[in-house]
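These figures come from a predicted structure and were not determined experimentally.
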Amino acid sequence: MRVATVAVLLGAAASAHAQLGLPSLPLPGRIGPVGLDGLRRPVDRLLDRAPLPDLGSLRLDTVKQLLRNHPDQLEADPRGEPALRGEVLAWSPSDAALQAARGAGATIVSDDVLPGLGDRMVVLRLPAGASTAAMVERLRAIDPDGSYDFNHVYTGSGAAGGARAGDGAAVRVGLVDSGVDGDHPVFEDAAITRWGCGGQAVPAPHGTAVAALMVGRSDHLHGAAPGASLYAADVYCGSPVGGAADRIAAALGWLDQQAVGVVNISLVGPSNALLARAVAAMQAHGHLLVAAVGNDGPAAPPLYPASYPGVVGVTGVDRRGKPLPEAARGPQVKFAAPGSQMVSAAPGTPPYRQVRGTSFAAPIVAALLAQRLPRPDRAGAARAVDALAREAGHGQAVANDEIGYGIVGADVRTDPSDLR
């Protein structure tokens, strides 16, 4: 119940606001040939031409709005980042730390061993009026070997060496995001295995658009690995506040159990002690995590999980190959892929919309890497990244802070003008 309520707070706002805050841009389900009257519907009737929001400030504005609109569920950590109010995450806590928390009036909301990862994750809820920051610091002092942090929430980042596998169906790729509309025509050839939300499908614009760019295929667009098997973890479940760190960690544990080699996370937020441990555990098991670097601007502090060591951070470029002006810069950028002037799938009618942001570049890179890493393999993960880097750099694997090793997946972009 707690997860459903929470995951329901950043899913709507995080899915739509999260990445783009974009209006759903209407495109028809089928665009037929020119009729006998020689008329074709003009593109301006198919796409909403409203100006796109400034992605450079969108996440920060969204955070402020979430904190303002949901004060009963969210609070700001000392850095101003949003977290579930009065909750502390504990990774492999000591008995002494848990006893101290209980002595201060905290109750245990959940106490689980993460599937696959094998580590214990405890969620503590503090009594009303207690300081989350003070409790986090106290537990860290009592148990330096454990990890204790706020239960941060994460939003989307945009507006809405083996050989390549020849058959899309042989490719397997993971997704941690909001819900995917599996009934959309682009997923007709894709097998989707779901996790989260009590087994219910809760389709959302962000997760659907990201998934389509990975495994989708239709007359109007194709993903980077069309027809591949998708393992989709929904950490939003319709919540307007976003995907909480404990749900992301649990989703990673599930994907570890499924032995999915590559996982895409088009979500951004602050560094979090528990999430960092979960990411490191996945990497130790041979998984390759791909994440959007975010749209807070070139001078913004690093966002996570893209900035954790070993994670493949992805930025977005326009149709000319220029980095999006709002995209993050830095050593966390490993690759660039299309991130603007493009269309992806959307739940409901109309079934397509224009998208923009690093959220929609990351899944392209993840799907390309998944073709080289079907199952977890630490050495294989390094070979997969090196092979794609050399492909992006035309034989040379030299990275820079703007586009990393280079641009990949340019052929995946479906330009809105192509739907005339």
Side-chain angles (χ1 to χ4, degrees), residues 1-12 14-15 18 89 109-121 123 151 153-154 156 171-184 187 190-212 214-216 225 228-239 241-267 274-275 277-279 281-282 285-291 305 347 359 362-363 366-367 370 374-376:
M1 212 31 156
R2 180 187 73 88
V3 168
T5 302
V6 163
V8 188
L9 296 167
L10 232 218
S15 278
L89 291 186
V109 175
S110 63
D111 185 349
D112 302 298
V113 174
L114 292 181
L117 301 184
D119 290 284
R120 184 184 183 190
M121 181 177 67
V123 180
N151 196 359
V153 295
Y154 293 75
V171 179
R172 306 163 73 248
V173 63
L175 174 65
V176 177
D177 210 292
S178 55
V180 177
D181 182 6
D183 293 330
H184 196 289
F187 301 118
I192 301 178
T193 303
R194 301 177 186 273
W195 176 91
C197 313
Q200 294 186 333
V202 186
H206 192 268
T208 300
V210 170
M214 299 172 79
V215 305
S229 296
L230 179 67
Y231 291 76
D234 185 350
V235 295
Y236 287 72
C237 301
S239 167
V241 300
D246 65 324
R247 302 314 301 154
I248 297 174
L252 292 177
W254 172 72
L255 287 163
D256 182 68
Q257 275 192 318
Q258 306 308 307
V260 179
V262 178
V263 177
N264 183 76
I265 310 175
S266 285
L267 308 176
L274 183 139
L275 184 58
R277 295 283 289 267
V279 166
M282 289 288 285
H285 290 189
H287 299 272
L288 195 53
L289 303 187
V290 179
S359 271
R375 291 185 176 275

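- Ring pair His184/Phe187 is perpendicular by interplanar angle, where above 60° counts as perpendicular and below 30° as parallel.
- Minimum interatomic distance between Ala244 and Asn151 (heavy atoms only, all atoms of both residues): CB-OD1, 3.7 Å.
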Quick one: do Val235 and Tyr154 satisfy side-chain contact (heavy atoms from CB on, under 4.5 Å)? Show the steps, please.
CA-CA 10 Å; Val235 295; Tyr154 293 75; over 6 Å; no
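- For the pairing with Val263, the side-chain contact (heavy atoms from CB on, under 4.5 Å) check across Leu175, Val173, Val279, Leu252 returns one residue only, Leu252.
- Nearest approach of Asp181 to Pro347, heavy atoms of both residues: OD2-CA, 3.4 Å.
- Judged by distance alone, the side chain of Arg277 and the main-chain N or O of Ala249 form no donor-acceptor pair under 3.5 Å.
- Leu274 and Ala245 make their closest contact through CD2-O, 4.2 Å (heavy atoms, listed as atom of the first residue, atom of the second, distance).
- The aromatic rings of Trp195 and Trp254 sit parallel to each other, their planes meeting at less than 30°, with 60° as the upper class boundary.
- The two residues Gly207 and Val180 make their nearest non-hydrogen contact at O-CG2, 3.7 Å.
- Contacts of Val202 classified as side-chain contact (heavy atoms from CB on, under 4.5 Å), with partners at least two apart in sequence or in another chain: Cys197, Asp234.
- Between Arg194 and Gly182, the closest heavy-atom pair is NH2-N, 3.2 Å.
- Every residue was checked against the side-chain hydrogen bond (donor to acceptor under 3.5 Å, both in side chains) condition with Arg375, not counting sequence neighbours, and none meets it.
- In this structure, Gln257 CD and His285 NE2 are separated by 11.5 Å, a value rounded to the nearest 0.5 Å.
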